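Accompanying notes for the structure given below.
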Amino acid sequence: MKLQEYHAKKLLLAEGLPVPDYAVAETAADARAAAEPYLRGPAGSVVIKAQVLVGGRGKAGGVKLAASPDAAEQVAGQILGMDIKGTTVRRVLVAPAADIVSEFYLSCVLDRSAKRVRLMGSAEGGVEIEEVAATKPQAIHHVYAHPHLGLLDFQARQLAFELGLGGAHLRAFVAIARGLYRTMIANDADLVEINPLAIVREQAADGSPRETLQCLDAKVTIDDSALDRHPELELMRDIAEEDPVDVAAREQGISFIRLDGNIGCMVNGAGLAMTTMDLIKRAGGEPANFLDIGGGAKADKVAAAMKLILADPHVKAILVNIFGGIARGDEVAHGLVEARRQQERHVPMVVRIVGTNADQAADILAEAGDPDLQTAESLDDAVRQAVAVATGATTGAAA
Ligand code: GDP
Ligand code: MN
């Protein structure tokens, strides 16, 4: 789950990281009111930033400076309602503008192949890291945190030296790197990214100029499987920016992942779903999704799963593969028949149900008298039929 910048910054602040003060506004008038105290402060101007879950907001015109209340209101008015990569901006972050001297990149990611948390840094900040990785990979430096000891000071110092931050900012950088690691662990995040981590020019209390390191942007993604133990993070979920199909799947307790093929799959059990997808591939077909309706699948869940599958316009055939254990075959069959009665789009379906009440399931499906609903005795048969239908349908459409 991706967090909005204003939520991500809250997590950084909780670990003591240096983040400039900020407010969130949903209207231009509120943005103006939020900007006024910052405009009276030493910064003298504010930065107004679109809060959307896509990157590259700066380039898209979603990050702007304003030096007066009127300008803040006007700029916020421009950004609110703006479309950034298909997402409508509904909120802006308002913060005192930073006087940036230079920009760095710093992130913590879960490196699955190394089985460790990796800290990545680059002096090429402000630019998207994928771009740096493609054009100047030698500019990206990294260290791996120890699985038990965490990120050690010497590792953070090593990274600092590689980024050219070995001088006046060394101690601050070490504290930030360690705070980033703590943010990652405390929240079960799989990514915590600051881009830019900036050297900012400010006025000290006595009026003299000084430079500090500040986290000017923050991107955090939380491991979905860990959300159960973070109800406070679940509250930060932004449903308006999620794919409606994903939202519906989660509400129904269905594991659903959309893929590129045209055979919709409805299976109970993650392992069986993986196997079904493998067999489709082996038979020359392409699955349209991974879908695990879970244990004890009831008729309403089957109907919900059918809806998720049919929401994908590429689906040309549906393969239902149910192993009746706790789930009862007759329940599933009833659900299928009912769902087909309700569905608007007509897609051929191949059903294989074995195990508990499989015989009753076969009777229910036969009684439905649906010519486009075939049943199969074995999984191999079912897969063959589904692939034949899907490829036949594809050829038909192309002709
Ligand atoms: P992103 O484009 O979505 O990553 O949004 P960022 O928050 O990273 O902002 C993009 C760029 O805007 C940064 O790299 C900075 O160059 C600039 N920027 C962001 N905040 C400030 C600020 O407070 N002051 C100034 N002068 N520039 C800023
Ligand atoms: Mn950024």
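Atoms within each ligand, like the ligands themselves, are counted from 1 in listed order. All values reported here derive from a predicted model rather than from experimental measurement. In what follows, every heavy atom counts, from backbone to side chain, and hydrogens, waters and symmetry copies are set aside.
- The number of heavy atoms from other shown groups lying within 6.0 Å of CZ (Arg118) is above 12.
- Among protein heavy atoms, atom 15 (C) of ligand 1 sits closest to Glu103 OE1, 3.2 Å.
- Distances below 4.0 Å separate heavy atoms of Val47 from the following atoms of ligand 1: 20 (N), 21 (C), 23 (O).
- No hydrogens or angles considered: a donor-acceptor pair under 3.5 Å links the side chains of Ser208 and Asp206.
- Numbered from 1 in the order shown, with element, the atoms of ligand 1 that lie under 4.0 Å from a heavy atom of Lys49 read 6 (P), 7 (O).
- Looking only at protein heavy atoms, the nearest one to atom 25 (C) of ligand 1 is Ala98 O, 3.4 Å.
- For the Mn ion (ligand 2), the N/O/S atoms of Glu128 include none lying under 2.8 Å.
- Ranking the protein heavy atoms by distance from atom 3 (O) of ligand 1 puts Arg57 NE, 2.7 Å first.
- Within Asp217, the N, O or S atom at minimum distance from the Mn ion (ligand 2) carries the name OD2.
- When only interatomic distances are considered, the shortest N/O to N/O separation between Gly58 and ligand 1 falls below 3.5 Å.
- Using cut-offs of 30° and 60° for the angle between ring planes, the His146 and His148 rings count as tilted.
- Contact annotation for Asn195 and ligand 1: only backbone heavy atoms (N, CA, C, O) come within less than 4.0 Å of the ligand.
- Near Ala97, meaning under 4.0 Å from any of its heavy atoms, are these atoms of ligand 1: 23 (O).
- Within the listing of ligand 1, atoms 14 (O) sit less than 4.0 angstrom from a heavy atom of Gly126.
- Between Arg229 and Asp223, none of the side-chain N atoms (NZ, or NE/NH1/NH2) sits under 4.0 Å from a carboxylate O, so this pair counts as no salt bridge.
- The protein does not reach atom 17 (C) of ligand 1 closely, with no heavy atom under 4.0 angstrom from it.
- Heavy-atom proximity to Asp217, at under 4.0 Å, picks out these atoms of ligand 1: 1 (P), 4 (O), 5 (O), 6 (P), 7 (O), 8 (O).
- Distances from atom 13 (C) of ligand 1 to the protein include at least one heavy-atom value under 4.0 Å.
- Within the set Ile48, Val52, Ile100, the minimum heavy-atom distance to atom 28 (C) of ligand 1 is found for Ile100.
- With respect to the salt-bridge test (charged N to carboxylate O, under 4.0 angstrom), the residues Glu131 and Lys136 do not qualify.
- Ile199 has its side chain within reach of Phe104: a pair of non-hydrogen atoms, C-beta onward, lies under 4.5 Å apart.
- Within 6.0 Å of CZ on Arg282 lie no more than 12 heavy atoms contributed by other residues, nucleotides or ligands.
- The nearest protein atom to atom 9 (O) of ligand 1, hydrogens excluded, is given as Val63 CG2, 3.9 Å; this is a heavy-atom distance.
- For the atom pair CE of Met274 and CG of Leu279, the computed distance is 12.0 Å after rounding to the nearest 0.5 Å.
- Residue contacts with ligand 1, taken as heavy atom pairs separated by less than 4.0 Å, do not involve Glu5 at all.
- Met277 CE to Leu272 CG: the interatomic distance, rounded to the nearest 0.5 Å, is 11.5 Å.
- Here the OH-CE distance, from Tyr105 to Met120, works out to 4.0 Å after rounding to the nearest 0.5 Å.
- Each of Arg91, Lys49, Gln51 was scored for a side chain to side chain donor-acceptor pair (under 3.5 Å) with Tyr6, with one residue passing: Arg91.
- Within the 4.0 Å heavy-atom criterion, neither part of Glu128 lies near ligand 1.
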